[in-house]
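Each chain gets a letter, A, B and so on, in the order its sequence line appears, and its residues count up from 1.
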There are 2 protein chains.
Amino acid sequence: MSDPDPLTDSSNLALGRLRALLDDSSFDAGQRLPPERELATRIGIGRRALRRALEVMEAEGRIWRQQGKGTFLGSRPAHTPTDLADLTKRTHPLEVMDVRLEIEPALARLAAMRASNGDIERLLLLAEKTAATSDADGRELWDSALHRTIAEAAGNSLLLAIFDIVDRIRQDTTWRLLRERARSGERQQIYVEQHRRVIAAIAQREAHAAEQAMREHLELVRDGLLTVMTSPLPDSIDRAVPPEPVTTNNKDRLRHGT
Amino acid sequence: MSDPDPLTDSSNLALGRLRALLDDSSFDAGQRLPPERELATRIGIGRRALRRALEVMEAEGRIWRQQGKGTFLGSRPAHTPTDLADLTKRTHPLEVMDVRLEIEPALARLAAMRASNGDIERLLLLAEKTAATSDADGRELWDSALHRTIAEAAGNSLLLAIFDIVDRIRQDTTWRLLRERARSGERQQIYVEQHRRVIAAIAQREAHAAEQAMREHLELVRDGLLTVMTSPLPDSIDRAVPPEPVTTNNKDRLRHGT
DNA sequence: CCAGCGAACCAGTTGCAAATTGGTTCGCAA
DNA sequence: TTGCGAACCAATTTGCAACTGGTTCGCTGG
């Protein structure tokens with residue numbers, strides 16, 4: 001084997017000076033470092049060498065960088081609860097199903113207790129529509145509308161908002177193929193029947209039955225997802241590319257060996 | 001009683017012309033109307049009269065307006081799931097407690113199954129801290145940290161994000177007094193004991209016991225909230241002003257009677 | 001050949017000023 | 001009293017400039 005990782009002389013020099021600067025200077029945690037261009041001239045070294053050194057320190061977790069913002073000491077601050085846009089990057093389908101299994105049976109139970117007659121009318125209508133639709137897109141739309149109507153009928157605005165969050169993540173485009181495969185075939189018919197059962201329980205105000213029916217439905221959906229995820233793919237379907245790591249430092253990489 | 005609502009002649013005229021313009025013209029649903037100033041001159045009427053007419057149509061649900069954006073046809077679009085900033089305006093404490101009762105027992109159960117030993121160490125430490133603190137602020141902080149640590153230990157990032165959303169709403173400043181009153185007195189000691197029980201169940205990996213203990217805890221918290229909300233206030237505490245309706249159309253109101 | 005450098009360009013972020021819009025007040029005139 | 005125009009206030013959008021890290025390029029000196 002060749003040398004594991006020979007930093008170039010210049011980068012080594014930069015790394016040393018950078019550590020010295022950060023260790024004994026007045027930089028506090030969380031503070032922004034000077035921009036790379038300035039830092040490079042101050043240390044007396046080129047920007048490329050500096051960036052290699054910064055990359056090392058970022059890998060060590062001592063700094064973090066973001067394009068357009070700057071380079072900061074310490075570890076990347078935790079996500080605030082409100083930035084849900086990229087939640088889909090940090091979760092995965094099974095987590096989502098676990099959450100649905102916690103929330104939607106409760107919604108069904110509440111709906112059975114609090115749904116208005118108008119809600120129930122709409123639910124019955126949706127059940128028909130779902131059963132009558134054959135194309136994949138249509139099924140998905142009606143199914144989604146059905147579950148959301150139940151969530152609305154539960155009459156808890158906060159829980160509805162949470163349902164919407166989960167639903168938006170669930171509908172993420174990158175999981176579209178997954179959903180389609182999980183829904184195909186004979187499973188769809190069972191889903192329709194399960195929907196009917198949930199709605200019937202809600203219409204008859206049987207809270208416990210509604211909760212249980214919804215739970216059984218979602219458990220089957222989860223099982224379908226599991227089956228699809230663990231069974232091999234037919235060759236015709238091209239796999240999605242695996243997601244990139246958060247930082248896209250594809251260049252300026254340290255060279256290994258020769 | 002006097003006349004119920006005599007629209008002024010000018011406003012009536014404006015309303016008629018506006019309806020005509022909207023009905024037979026090429027304005028599609030969701031489209032933005034021309035600005036009021038332009039619309040006023042085009043119809044050939046003053047802006048005040050136009051605004052009265054627009055107010056009527058807004059009340060009818062045919063249009064909606066927003067300062068700085070414009071006037072739009074159709075009904076106000078539904079809230080997107082991502083704008084959580086004002087969720088606290090649309091919910092209320094009992095809804096929040098209902099949601100917590102759905103989510104946190106599940107979190108406790110998952111935590112019992114998946115918590116690392118490090119998590120459990122932290123939980124035990126937090127239980128001590130909570131018990132040892134006496135001031136209200138401190139209790140609130142430790143309590144919050146305790147519940148969140150359990151949520152973290154559950155190992156479901158999506159559920160954790162949802163917990164954070166609910167927790168942020170729960171901590172809304174306008175409910176601060178409410179929380180303080182609900183926590184006062186002998187209830188606090190029971191809470192500490194309940195926390196201990198939840199943590200013990202998690203530490204011993206008793207999933208069902210953890211879930212049940214958390215549920216009992218939250219039910220007591222909810223009962224405390226109910227008690228506080230239904231019992232009369234001492235006179236010394238000034239009540240918060242009731243929230244304003246969404247739109248602040250306090251002027252240009254149609255005049256009733258004489 | 002190549003490690004290192006500076007320069008230039010790309011892309012994401014921030015801040016600010018201007019423009020636009022609905023919301024409101026005011027004075028004037030018929 | 002009623003309606004109008006003008007002016008101002010406040011929320012929102014838009015465009016731009018400046019600055020940042022990310023990337024590519026060509027040059028230089030060994």
Side-chain angles (χ1 to χ4, degrees), chain A residues 6-15 17-18 31-55 57-58 63-73 76-77 83 85-86 244-258, chain B residues 3 6-15 17-18 31-55 57-58 63-73 76-77 83 85-86 244-255 257-258:
Chain A
L7 280 176
T8 59
D9 290 349
S10 165
S11 294
N12 244 332
L13 184 62
L15 192 53
R17 294 196 189 170
L18 198 57
Q31 187 180 348
R32 197 179 82 180
L33 294 182
E36 291 182 355
R37 293 159 176 83
E38 182 184 333
L39 210 51
T41 62
R42 189 193 292 191
I43 295 185
I45 209 147
R47 198 170 155 223
R48 291 189 64 162
L50 172 68
R51 282 182 56 74
R52 292 209 194 109
L54 286 174
E55 189 184 3
M57 303 203 61
E58 185 177 25
I63 63 169
W64 64 278
R65 300 180 285 178
Q66 184 173 354
Q67 182 180 130
K69 293 186 76 171
T71 305
F72 302 83
L73 287 180
R76 182 178 257 98
D83 66 346
D86 56 357
E244 284 283 308
V246 178
T247 54
T248 58
N249 287 354
N250 292 328
K251 310 303 172 184
D252 278 341
R253 271 282 139 74
L254 300 172
R255 268 150 280 181
H256 295 253
T258 53
Chain B
D3 291 341
L7 279 178
T8 60
D9 291 349
S10 166
S11 295
N12 245 333
L13 183 64
L15 192 51
R17 295 197 188 168
L18 197 58
Q31 187 179 345
R32 197 181 80 180
L33 293 182
E36 291 182 357
R37 292 160 177 83
E38 183 184 334
L39 210 51
T41 62
R42 188 193 295 189
I43 296 184
I45 208 147
R47 197 172 156 222
R48 290 189 65 166
L50 172 68
R51 281 181 57 72
R52 293 211 193 107
L54 286 174
E55 189 183 3
M57 304 203 62
E58 184 177 26
I63 62 168
W64 62 278
R65 301 180 283 178
Q66 185 172 355
Q67 181 179 135
K69 293 186 79 171
T71 304
F72 301 84
L73 287 180
R76 180 177 262 100
D83 66 346
D86 56 356
E244 283 284 308
V246 178
T247 54
T248 58
N249 286 356
N250 292 330
K251 309 304 172 184
D252 277 340
R253 271 283 137 76
L254 297 173
R255 267 151 281 179
T258 54

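Closest to the side chain of A:Arg52, out of C:dG22, C:dT21, C:dG4, is C:dG4.
A close approach under 4.0 Å does occur between a side-chain nitrogen or oxygen of B:Arg51 and OP1 or OP2 of C:dG23. Between A:Thr71 and the phosphate of D:dT20, there is no side-chain N or O to OP1/OP2 separation shorter than 4.0 Å.
Of the inter-residue distances, the one linking B:Ile45 atom CD1 with B:Arg52 atom CZ reads 10.5 Å to the nearest 0.5 angstrom. Separation of atoms CG (B:Leu33) and CG (B:Leu73) is listed at 4.5 Å; rounding is to 0.5 Å. Annotation: the span from A:Glu55 atom CD to A:Ile63 atom CD1 amounts to 9.5 Å, rounded to 0.5 Å.
Within the 4.5 Å cutoff, the side chain of A:Arg65 has heavy atoms near those of the A:Leu54 side chain. Side-chain contact between B:Thr71 and B:Glu58 is absent, with no heavy-atom pair separated by less than 4.5 Å. Looking only at side-chain heavy atoms (C-beta outward), A:Glu38 and A:Arg42 come within less than 4.5 Å of each other.
With sequence neighbours excluded, the residues satisfying side-chain contact (heavy atoms from CB on, under 4.5 Å) with B:Gln66 are B:Trp64, B:Lys69.
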Nucleotide N/O to protein N/O under 3.5 Å, stretch nucleotides 28-30 of chain C:
none

Under 3.5 Å, N/O pairs linking protein and nucleotides 28-30 of chain D:
none

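Whole-Å rounding puts the B:Glu36 CD to C:dT24 C1' distance at 11 Å.
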Legend entry - B/S/- contact track for nucleotides 5-16 of chain D, protein heavy atom under 4.0 Å: S-BB-BBSS---
